[in-house]
Amino acid sequence: MAFGKGCHLHLIDGSAFIFRAYHALPPLTRKSDGLPIGAVAGFCNMLWKYIEDAKGSDAPTHAAVIFDKGSHTFRNDMYDKYKANRDEMPQDLRPQMPLTREATRAFNIACEELEGYEADDIIATLARQAREAGGRVTIISSDKDLMQLVGGGVEMFDAMKNRAIGVEEVEAKFGVGPDRVVDVQALAGDSVDNIPGAPGIGVKTAALLINEYGDLETLLARASEIKQPKRRESLVDNADQIRLSKQLVTLDPQTPITFTLDDLEIREPLVETLLDFLNRMEFRTLTRRVAEKFNAEPPPAIEITASTDAATPAQDAPPITPESYVCIRDAKTLEKWLDQARARGWVAVDTETTSLDEMQADLVGVSLCIKAGQAAYIPLGHSMGEDDLFGGTARAEGQMDMDAALALLKPVLEDDSILKIGQNMKYDFKIFARHGIRVAPIDDTMLMSYAMFSGLHNHGMDALSDRYLNHQPIPIKDLIGSGKSQITFDKVAIDTATRYAAEDADITLRLWQQFKPRLHREQVTTVFETLERPMVPVLADMEMAGVKVDAQVLSRMSNAFAQKMAGLEDEIAQIAGTPFNVGSPKQLGEILFEKMGVEGGKKGKTGAYGTGADVLEDVTTLEDVNPQAAKLAARVLDWRQIAKLKSTYTDALQTHVNPETGRVHTSYSIAGANTGRLASTDPNLQNIPVRSEEGRRIREAFVAGPGMKIVSLDYSQIELRILAHVADLPEMKQAFKEGLDIHAMTASEMFDVPLDQMTSDIRRKAKAINFGVIYGISGFGLARNLRIPRAEAQGFIDRYFERFPGIRQYMDDTVAFAKEHKFVQTLFGRKIHTPEITSKGPSAGFAKRAAINAPIQGAAADIIRRAMIRMPAAIAGLPATMLLQVHDELIFEVENGAIDDLIAAARATMVGAAEPVMKLSVPLVVDAGQGASWAEAH
DNA sequence: AACTTCACG
DNA sequence: GACGTACGTGAAGTTC
């Protein structure tokens, strides 16, 4: 079809795709030969996503990917410094360039480039031709240099933000229409491309001038009339340079291309060619996806031969074949399998249940694996798929009696000489514990992965299997469905369940065989054995104990909150002049910043006004300017606080009270947070309110049983103490040894104020700085936190570094270490990987601060883990139970008569938790509290 | 499912 | 001249 009216041309900025892919991904290499391949992988994924996304109602009729060719263009002949400040192309990107062209052709998309011209010029030429032919054009790019082309049927599309860029967006960015963009760019220049422009004039000023004088030539002609001396001189003195800049930024719409628009017509991918290319690149996931999409058979995976990578599955491991798994239906067969486990000394174990909540889940079956490929499933609680006449479910045929099977399993699961291997063993541990079996000893592939790879990827079975076994397990959704029609596992047919469940045990064993030797190579065996694995029984016991929560107290609070909210809603509707959903930030933003005319509303990346608490607090100060809005903001803040307390706490907590135990049982994820911290879920009991008076009252509902009290012990300033130790800060260490107020001491050092003349405001500032340092301080962040000018904040930081030179050293050393090794380490050897540390752009800043914070937050996490692991022995014999951990705090339930003993024993354990492996140069201090509720104990 | 907001250390 | 930043989490509600 000839290009013409009604046609729609997509032009993809290929170089932008490549660089985005390169910087977004870690430096991946092809497994078989180590060829750098990350950018190609990202590029292919982006192209694939583009193709999928472009299939909508506004689908293109023609499309092409346009690349830059070489680095020398006609602009270099005009100006030899053009793009001269660009870094050389990274070494590992260079060999990927031709592959991106090959990839484009493999997807059967037109692929064009032209010697001596930039991709932007070709795009300009094609856009012009398409417009002249009466068609429409969409440029897939967010490059500002292309914005001059927008308008009259040409628009841009930012594929990352999923956002169209039309005339309005261009005007928002440059302050002028697309036809004057080059004038503004000529004046403002561009440090990235080394366009000189007019010194001292940026986009804002340039737009102002162009809007006033109409265009660049008029402006330059009348430059002498400009009042501001700086601007006038800059324009008068640099007129030639500005004209040159304009030539440099203006795209050439007449490049001598040798193809026509008709050549760019959309073509279906040639499936075989495409799959062959993807397979040669060894992109497993994408190959599979593409094959699935076209219902094609994926080509046989490339054989990996010359690899020393431990990720290569053992040569002798048979392929994973779910059809070969055994279903154990009688005692004799089970005994045979258990004998195998006894003979080998290990067995991989996995349980299937009816729920993810271990406290409510019923056991449905157990799977075992004793050797890669040799796995079995023991169905124990399967029912018929359909309900019977009486609304109950009949037990499925061919299953062992549950008690009989567990009686055979128990001696093996509790046998000291047989290692039980699991993936996320805490889950199975709890299931078995509810049947009177304490599984030990254990290994856990999830925790092994966490010890070795924290920060690199998550540690779920699907991710590990895909990554380390090159195998995608049967998705659970295939068995039980999803959403409303989801069924419980006991309803799954036994033969289907056998394939799924035994596969999990098989995968777990294979992962374990691969990980076990690698723990040593990665030098994290001690971390795994002293900080990860022992947490499993400790946390399982805490979770099973649960904490008593008085639902009546919560219910009363919920009712009170509901009344208060209703009152506030009425008041808010009245101030706004119209009722609206107060819980909708979008509606609130529109009312505040449009209807009520509050100025300075800032839109986020989705185009919605920000209405966070800090923004609303600023609005409340506008009493004189806009009293109605100030009042509205204040009421909304009140409403928000109560709504949060009600929905997240007083309402939700009630639903988490277990009907059998009358207590709330959280679940801790051991491998959730990168730094070694735990995370609490379902419900999260690590973020129960405390900072506000109203919120703190929720803790009154966390109570002790009759004759008992809640006891709380928390580390005082543990992260600052660790910082003082690792960064070697003599003044701070001394202050901790003397038991001084550390924030007051910091303030005194920094602001030269004697301790006896300290004010709370100065101390507050020092406290914010102390925290800031732990987080990888920046002037901007501190300024925002303290609500002071940025320059002042920067002054504080400079002074802090001057007074505590060890800090700067620590930060520099940590970042340098991270850059060299791609991980950082805690005092106890825990590794936290920081793959982003070498990336460019904003993510580099994030990675840096995370790298600075991780060893400190991580060491604190290590220390409380050590205390928790020792705690059961330390308090054995006392009528006390450890219930909760909140990062630096442990909460116990203790009989009244044993409170002092408990505090003494637990405090000693916590204070000495770093020893004997680590002798800190600062003391650890533990504060204790007690009471009828958590509110009183804290 | 993504985004925004807000609770904690 | 402009941009975009404090570290680590989980849950609820709205919007698409």
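Note that the structure is predicted; figures quoted are calculated from it, not measured.
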| task | Answer with base, sugar-phosphate or nothing: what part of the nucleic acid does A:G779 contact at a heavy-atom distance below 4.0 Å? | result | nothing
| message | Ring-plane angle category for A:F19 and A:H23, please: parallel below 30°, perpendicular beyond 60°, tilted otherwise. | response | parallel
| query | In which stems does DNA chain C show up, taking only runs of three or more Watson-Crick or G-U wobble pairs whose two distances fall under 3.5 Å? | reply | B:1-9 with C:7-15
| query | Taking all atoms of both residues into account, what is the closest heavy-atom pair of A:R865 and A:Y450, and its distance? | reply | NH2-CE2, 4.0 Å
| message | Check this for me, if you would: do A:R787 and A:D618 make a salt bridge, where the nitrogen-to-carboxylate-oxygen distance has to be below 4.0 angstrom? | response | yes
| query | Can you tell me how far C1' in B:dA7 sits from the matching atom in C:dC3, rounded to whole Å? | reply | 30 Å
| said: Once salt bridge (Lys or Arg N to Asp or Glu O under 4.0 Å) is applied, do any residues pair with A:R764, and if so which ones, sequence neighbours excluded? | reply: A:D761
| Among side-chain atoms of A:D927 and A:Y715, is any donor-acceptor pair under 3.5 angstrom? | no
| field | Euclidean distance for C1', C:dA6 against B:dA1 (whole angstrom) | value | 28 Å
| task | For A:G583, answer base if it contacts any base atom (sugar-phosphate contacts may also be present), sugar-phosphate if it contacts only those atoms, and nothing otherwise; contact means non-hydrogen atoms under 4.0 Å. | result | sugar-phosphate
| Residues A:E52, A:K49: salt bridge by 4.0 Å N-O rule | no
| Within the structure shown, what part of the strands sits under 4.0 Å from A:I774 by heavy-atom distance: base, sugar-phosphate, or nothing? | nothing
| request: Pick base, sugar-phosphate or nothing for A:A768, based on heavy-atom distances below 4.0 Å to the nucleic acid. | output: base
| field | Parallel, tilted or perpendicular: rings of A:W934 and A:F702 (30°, 60°) | value | perpendicular
| query | Looking at residues at least two apart in the chain, or sitting in another chain, which of them share a ring-ring contact (aromatic ring centres under 6.0 Å, His included) with A:F828? | reply | none
| C:dA2 to B:dC6 separation - P atoms, rounded to the nearest Å | 30 Å
| query | Hey, does A:A854 reach any base, or is it just sugar-phosphate, or nothing, if we go heavy atoms under 4.0 Å? | reply | nothing
| task | For A:K55, look at atom NZ and say whether over 12 heavy atoms of other residues, nucleotides or ligands are found less than 6.0 Å away. | result | yes
| said: Regarding A:H656 and A:D682, do their side chains bring together a donor and an acceptor under 3.5 Å, going by distance alone? | reply: no
| message | Using a heavy-atom cut-off of 4.0 Å across all strands, would you classify A:D714 as base, sugar-phosphate, or nothing? | response | nothing
| query | So how far is it from A:L653 CG to A:T650 OG1, rounded to the nearest 0.5 Å? | reply | 8.0 Å
| Closer to the 5' end of DNA chain C via nearest nucleotide, is it A:H656 or A:A673? | A:A673
| said: Less than 4.0 angstrom from a charged side-chain N to a carboxylate O is my criterion; do A:D190 and A:K144 meet it? | reply: yes
| request: For each nucleotide in nucleotides 3-9 of chain B, reading 5' to 3', give B when a protein heavy atom comes within less than 4.0 Å of its base, S when such contact involves only the sugar-phosphate, and - otherwise. | output: SSSBBBB
| field | Closest-nucleotide ordering on DNA chain C, the 5'-leading residue of A:D651 and A:G781 | value | A:G781
| A:R677/A:E719 salt bridge by N-O under 4.0 Å criterion | yes
| query | Hey, can you pull the residues of residues 785-795 of chain A with a non-hydrogen atom under 4.0 angstrom from DNA chain C? | reply | A:N785, A:R790
| said: Closer than 4.0 angstrom, basic N to acidic O: yes or no for A:E936 and A:R699? | reply: no
| query | 5' to 3' on DNA chain C, which nucleotides open and close the contacts with chain A (atom under 4.0 Å from a heavy atom)? | reply | C:dG1 to C:dC16
